[in-house]
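Starting from 1, each residue takes its place in the sequence as its number.
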Amino acid sequence: MGSTASTSNVTELILTGLFQDPEVQRVCFVVFLPVYLATVVGNGFIVLTVSVSKSLHSPMYFFLSYLSLVEISYSSTIVPKVITDLLTEIKTISLQGCITQIFFFHFFGVAEILLLTVMAYDRYVAICKPLHYTTTMSQSVCHSLVAGSWLGGLIHSMIQILITVQLPFCGPNVIDHYFCDLHPLFKIACSDTFVEGIIVLVNSLIAVVAFLLLISSYIVILVHLRNHSAEGRRKALSTCASHITVVILFFGPAIFLYLRPSSTFTEDKLVAVFYTVITPMLNPIIYTLRNAEVKNAMRRLCGRKVNSGVE
């Protein structure tokens, strides 16, 4: 450990960014800033609505509010730095800052994966075992599942960072990406990172396991729905549809990037933009557009604010 630290004479890293053309970067700034603000405001409004609305005190909305909280945190780990970098010619980050960004990016990313899995389990119990729903999804169980999601994210991130901090960096110090992530950082390490790459891949299999659990739960739900009435099927499917959409939007790009050999194509960066910048903004839109209860609660909340303002 001591020898690796002595060879690490790189203290600052340069990010190549998303595009080289200054004009394109300015266009990205004009697009990304409103998207990020919409992400924070939209998800923040969901957290506020769920916390103050008596009609949204079921486990499904409890998990949704935590998902929105994770989305704000996850997006804030990457996007503010990306937005400011779009206005600078040379994009730099300290090595410690880079490792910190990787830690929080993976922490919130895996917490979101586990939370989406918990939400799928909640829908499974609600639709397939409705008589046992209140006892199975009690308040203490819901809090434990959320705590487990945070803990899973923390353990995953700690493993990633323990691998990364032991790598020697002696130059070059240019990362071919617009934010810090493991594969681009491994490419500039001064030692062979094959073993570290395998450990990271195995550690990332948590996403595959979660994805398989999600798919399995929805297959079981769809099979179970065949016995329901047409109205019951429609109601259950409308609840599940928004969740399935979010799962596809989140897992699709992530699986494309992390579960195959890494490359330096610009397409990779564009795919990463989708799940770091765009998806966190889409989630509140998807959940509110398809959910009458959330929309009504938001209208009541806005009405209450308007009335108190008038008074």
Find the distance between OG1 (T49) and NZ (K295) and round it off to the nearest 0.5 Å. 13.5 Å
Please answer whether the main-chain N or O of S73 pairs with a side-chain N or O of T77 as donor and acceptor at a distance below 3.5 Å. yes
Enclosure of F62 CZ (heavy-atom neighbours >12, cutoff 6.0 Å): yes
Separation of H106 NE2 from I161 CD1 (nearest 0.5 Å): 7.5 Å
Keeping S94 on the side-chain end and G97 on the backbone end, is there a donor-acceptor pair under 3.5 Å? yes
How long is the span from the CE atom in M60 to the CG atom in D122, to the nearest 0.5 Å? 7.5 Å
Examine distances only and state if a side-chain atom of K91 and a backbone atom of T88 form a donor-acceptor pair shorter than 3.5 Å. yes
Any donor-acceptor pair under 3.5 Å linking the side chain of Q101 with the backbone of C180? yes
Dump the intermediate steps for side-chain hydrogen bond (donor to acceptor under 3.5 Å, both in side chains) on T276 and Y178, then the final yes or no. CA-CA 11 Å; T276 55; Y178 65 93; 2.9 Å; yes
What I'd like to find out is whether the side chain of Y121 reaches to under 4.5 Å of the side chain of L116, using heavy atoms alone. no
Is atom CD1 of I90 surrounded by more than 12 heavy atoms (other residues, nucleotides or ligands) closer than 6.0 Å? no
Answer yes or no: is there a side-chain heavy-atom contact under 4.5 Å between I244 and L214? no
Can you check whether L185 reaches I175 side chain to side chain, under 4.5 Å on heavy atoms? yes
Any donor and acceptor pair, going by atom type alone, linking the side chain of S65 with main-chain N or O of V47 inside 3.5 Å? no
The reported gap from NZ in K81 to CG in L86 (rounded to nearest 0.5 angstrom) is 10.0 Å
Main-chain N/O of P80 paired with T84 side-chain donor or acceptor, under 3.5 Å: yes
Could you measure the distance from the CE atom of M298 to the CD atom of E293? Nearest 0.5 Å is fine. 13.0 Å
Under a 3.5 Å distance rule, please check whether N43 uses its side chain to pair with a backbone N or O of I72 as donor and acceptor. no
Can you find a heavy atom in the side chain of I113 that is under 4.5 Å from one in the side chain of F250? yes
Ignoring hydrogens and geometry, is there a side-chain-to-backbone donor-acceptor pair from N173 to V10 under 3.5 Å? no
Quick one: does V174's side chain get under 4.5 Å of I188's, heavy atoms only? no
Out of curiosity, K129 NZ to T135 OG1, how far, rounded to the nearest 0.5 Å? 11.0 Å
